[in-house]
Amino acid sequence: MPAATDTLETVRDVTEGGYRWGFETPIEQELIPKGLNEDIIRLISAKKEEPAWLLEWRLKAFRAWCAMEEPRWAAVRYPPIDYQDLHYYAAPKRKAQPKSLDEVDPELLRTYEKLGIPLREQERLAGVAVDAVFDSVSVATTFKEKLAEAGVIFCSFSEAVREHPDLVRRFLGTVVPPSDNFFAALNSAVFSDGSFVYVPKGVRCPMELSTYFRINARNTGQFERTLIVAEEGAYVSYLEGCTAPQRDENQLHAAVVELVALDEATIKYSTVQNWYPGDAEGRGGIYNFVTKRGACRGAKSKISWTQVETGSAITWKYPSCILQGEGSVGEFYSVAITNNRQQADTGTKMIHIGPRTRSTIVSKGISAGEGQNTYRGLVRILPKAQHARNFTQCDSLLIGDRCGAHTVPYIESRNPTARVEHEATTSRIAEDQLFYCRQRGMTEEEAVGLIVNGFAREVLKELPMEFAVEAQKLLAISLEGSVG
Amino acid sequence: MLKIEGLKASVEGKEVLRGIDLEVPAGEVHAIMGPNGSGKSTLGYVLAGREGYEVTAGSVTFRGQDLLAMEPEERAAAGLFLAFQYPVELPGVGNANFLRQALNAVRRARGEPELDAMQFLKLVRGKVKALGMTEEMLKRAVNVGFSGGEKKRNEILQMAILEPAFCILDETDSGLDIDALKIVAEGVNALRSPERGMLVITHYQRLLDHIVPDRVHVLVGGRIVQSGGPELARELEAKGYGELQAAA
């Protein structure tokens with residue numbers, strides 16, 4: 001696999017050091033006042049010129065949220081969040097909706113260039129369409145016309161609400177209901193932008209789709225919402241990337257992602273999450289509370305989640321599959337790194353409803369510094385899921401002796417024909433492995449990067465080629481200073 | 001090229017090397033023979049800079065530099081290579097990837113340009129063939145699921161690719177059948193050159209039939225008790241270490 005062999009770059013990056021995405025874009029922005037109440041929600045909805053039904057939907061979610069308690073069951077600790085002390089909408093100032101990239105603020109284009117996501121036509125990543133979300137709004141979407149030729153809709157969520165209201169209304173909230181959980185309800189009330197993808201019947205999306213989320217504004221939460229629908233026999237591969245400036249205070253990110261796969265459709269959803277993780281003492285960093293769920297509604301449909309989680313101070317995230325269609329398939333491949341004071345509680349839920357549904361879970365947790373890494377996963381087999389099968393593998397790698405790894409699998413089987421397998425291992429990077437690599441000329445950090453990439457290989461190979469190399473570098477960088 | 005003077009070293013507080021003096025000039029192959037527990041492998045690890053092997057006295061000069069002051073990777077970059085008695089498994093790390101990263105680390109240290117994937121593959125293919133290995137072994141994870149013979153050949157492959165100035169072979173013959181031993185020995189002999197020094201650590205004389213040393217040193221109880229030409233190896237094979245052990 002070329003991606004796994006290309007570690008030259010890793011070396012260079014490791015020696016450069018630090019969180020390289022931590023810069024701030026000096027840009028005039030429009031901020032609405034701090035606080036959360038029905039007027040704020042009306043204001044957000046008005047700013048986005050939304051139809052009445054969507055405002056009602058938001059308000060309903062807000063009322064549900066007011067009656068809910070923040071979940072406390074995850075193995076993460078953080079001081080209470082004051083939800084009234086946040087801005088719920090921040091957007092770069094602009095005169096009108098830009099019609100083409102020429103009208104987009106050059107400062108924004110430069111920001112994405114610095115992040116390695118060129119948006120200008122001539123510099124774009126070949127074969128990858130990008131939606132760029134900056135704080136609360138989408139600033140540009142590339143290759144829209146080319147995708148439209150294939151019948152694929154790929155646009156910002158706001159645009160989808162304007163241009164394809166029926167589609168949005170048909171699917172929004174059908175996988176993650178607004179009152180699903182505390183953070184999903186909050187998102188449903190205040191979500192500002194995100195991506196929308198619709199792949200019609202029988203269409204194989206001709207390119208990788210990706211959204212790049214960037215938090216820039218201070219004291220602002222980011223609440224994006226992504227909805228992907230693959231009709232019968234459709235195929236789409238989608239990737240999201242995330243970064244944020246380096247700051248001493250924590251910032252809240254609460255996203256919702258909904259996927260719908262109809263008969264024989266396949267959705268491959270990959271995440272490279274690199275929000276600012278905070279410094280070595282645990283100051284700053286993003287609180288990442290995300291609800292991601294896919295519904296395999298059709299027979300033989302398939303949803304595959306791949307995630308590389310290297311950033312955030314707190315990660316609370318369980319990309320799940322509801323396997324309803326007969327013979328549908330759910331997959332979850334995850335690498336989560338916690339270094340310094342990072343905490344991650346992440347895993348998946350595989351809900352087997354239909355007969356002959358299958359799921360695979362491969363989770364690789366890497367803990368270093370004082371990081372705490374928890375795999376929390378649920379496999380539930382319902383009575384009608386004849387011959388359902390699940391295979392789960394959870395591996396933990398520890399670097400140093402101040403970190404922690406925890407595995408919390410829940411298995412509920414209500415069908416005697418189902419087969420559920422669970423394997424778990426915990427290991428350390430051995431002294432002889434490090435010495436072996438160093439005797440061959442590598443520094444200790446290069447050696448750790450290499451060994452960790454080897455450990456995570458099963459998951460990294462699931463990533464689209466264009467991003468696998470990037471992810472590999474990220475793993476090495478995230479572990480800087482974890483040895484010696 | 002390599003000069004060891006009065007070297008003493010301890011492992012977990014126990015003195016294992018008790019005063020070693022040894023000089024290996026460029027172009028020569030020296031063998032270290034000795035019974036189990038005499039300190040042979042410890043000598044290899046001390047020279048390569050492994051943690052937990054504490055030098056308590058003496059000095060080692062390697063190509064004019066103070067070897068003992070260097071980090072393990074600096075010693076490797078300076079041209080010191082240790083072929084491990086028990087090569088270490090690196091799950092998930094592709095063998096080719098590992099080799100290329102090692103080579104480029106060393107090339108960087110030497111101020112040479114790094115090789116890209118294509119250049120590297122070209123270089124490695126020829127060497128793989130010469131060692132009777134398959135290209136399939138390059139795709140497998142480093143030493144994972146390798147047979148004893150494959151692991152040792154993999155060590156020699158690394159040596160052939162890194163082209164170190166000085167090679168230490170730690171019991172490279174252990175676990176090899178006679179055919180594998182011949183292949184490994186050929187690989188080592190191909191690397192013999194007037195610029196390169198070698199230290200071959202072995203318990204048995206049979207490896208030295210194939211890699212004929214210029215000098216043989218007998219290590220017993222952490223000291224070199226006898227030195228001689230290649231004939232010394234054969235004498236030891238006939239007499240065993242008993243007498244020397246009794247004397248030490």
Side-chain angles (χ1 to χ4, degrees), chain A residues 1-15 333 335 362 364 366 393 395-397 425-462 468-469 472-473 475-476 483-484, chain B residues 44-45 47-53 70-84 86-110 114-118 120-121 138-139 141-144 155 158-159 161-162 164 168 170:
Chain A
M1 195 187 82
T5 56
D6 197 358
T7 34
L8 275 178
E9 296 290 324
T10 316
V11 177
R12 228 167 274 135
D13 283 327
V14 164
T15 46
Y333 298 97
V335 178
V362 178
K364 304 274 181 176
I366 299 152
Q393 185 190 329
D395 298 323
S396 304
L397 184 69
T425 66
T426 302
S427 54
R428 282 178 188 279
I429 292 187
E431 182 273 330
D432 63 346
Q433 291 177 319
L434 286 177
F435 176 63
Y436 191 60
C437 294
R438 293 177 76 189
Q439 209 304 302
R440 296 304 182 249
M442 296 171 214
T443 63
E444 198 158 9
E445 287 193 329
E446 285 172 61
V448 169
L450 190 75
I451 293 165
V452 165
N453 271 299
F455 173 76
R457 185 187 170 113
E458 270 172 278
V459 173
L460 296 178
K461 72 179 168 54
E462 295 295 325
V469 176
Q472 236 186 357
K473 288 188 223 164
L475 292 191
V483 288
Chain B
Y45 285 143
L47 293 176
R50 185 164 192 166
E51 251 174 67
Y53 291 75
M70 296 156 87
E71 291 292 325
E73 59 268 31
E74 293 169 340
R75 301 182 196 200
L80 186 92
F81 181 94
L82 171 66
F84 283 55
Y86 302 108
V88 180
E89 297 185 2
L90 302 175
V93 178
N95 207 19
N97 183 25
F98 176 77
L99 277 168
R100 184 155 74 100
Q101 186 147 339
L103 176 63
N104 281 333
V106 169
R107 287 179 69 96
R108 264 199 313 279
R110 291 184 197 147
E114 297 180 21
L115 296 189
D116 66 27
M118 291 313 291
F120 173 75
L121 213 60
L138 292 173
K139 293 182 192 146
V142 178
N143 296 323
V144 177
E155 293 293 289
Q158 293 175 23
M159 201 166 103
I161 283 169
L162 297 176
I168 303 166
D170 187 6

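In what follows, chains are A, B, ... by sequence order, proteins preceding strands, each numbered from 1. Just so it is clear, the structure is predicted and the values come from calculations on it, not from any experiment.
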Task: Engaged part of B:E51 at the chain A interface, taking heavy atoms whose separation is under 4.5 Å - done: both
- [ ] Measure B:N95 against the heavy atoms of chain A and call it side chain, backbone, both or neither at under 4.5 Å.
- [x] neither
- [ ] Using non-hydrogen atoms and a 4.5 Å limit, figure out which bit of B:R75 sits close to chain A: side chain, backbone, both or neither.
- [x] neither
Task: Shortest non-hydrogen contact between A:G441 and B:A105, atoms and distance - done: O-CB, 3.3 Å
- [ ] Using non-hydrogen atoms and a 4.5 Å limit, figure out which bit of B:E89 sits close to chain A: side chain, backbone, both or neither.
- [x] backbone
Task: Distance in Å, A:R438 CZ paired with B:R50 CZ, rounded so as to fall on 0.5 Å steps - done: 11.5 Å
TODO: Would you check if the side chain of A:Q439 reaches a backbone N or O of B:L82 as a donor-acceptor pair within less than 3.5 Å?
DONE: yes
Open item on the list: To the nearest 0.5 Å, what is the distance between CG on B:N104 and CD on A:E446?
Closed with: 10.0 Å
Task: Max heavy-atom pair count under 4.5 Å with chain A, selected residue of B:A102, B:A141, B:G52 - done: B:A102
Open item on the list: As an exercise, state the distance from OG1 of A:T443 to CZ of B:R108, rounded to the nearest 0.5 Å.
Closed with: 8.0 Å
Open item on the list: Need one label for B:A48: side chain, backbone, both or neither, based on atoms under 4.5 Å from any heavy atom in chain A.
Closed with: both
Open item on the list: I need the minimum non-hydrogen distance between B:N97 and A:L450, along with the two atoms involved.
Closed with: ND2-CD1, 3.9 Å
Task: Atom group of B:Y86 that falls short of 4.5 Å from chain A, counting heavy atoms - done: neither
Open item on the list: For a 4.5 angstrom cut-off between non-hydrogen side-chain atoms, does A:C437 reach B:L90?
Closed with: yes
- [ ] Fit a plane to each ring of A:Y436 and B:F84, take the angle between them on a 0 to 90° scale, and name the class: parallel (under 30°), tilted (30 to 60°) or perpendicular (over 60°).
- [x] perpendicular
Open item on the list: Please classify the contact of B:L162 with chain A as side chain, backbone, both or neither, using a heavy-atom distance under 4.5 Å.
Closed with: side chain
Task: Heavy-atom check, side chain of B:L99 versus side chain of A:R440, under 4.5 Å - done: no
Task: Closest contact, heavy atoms only, A:F435 versus B:G49 - done: CE1-C, 3.9 Å
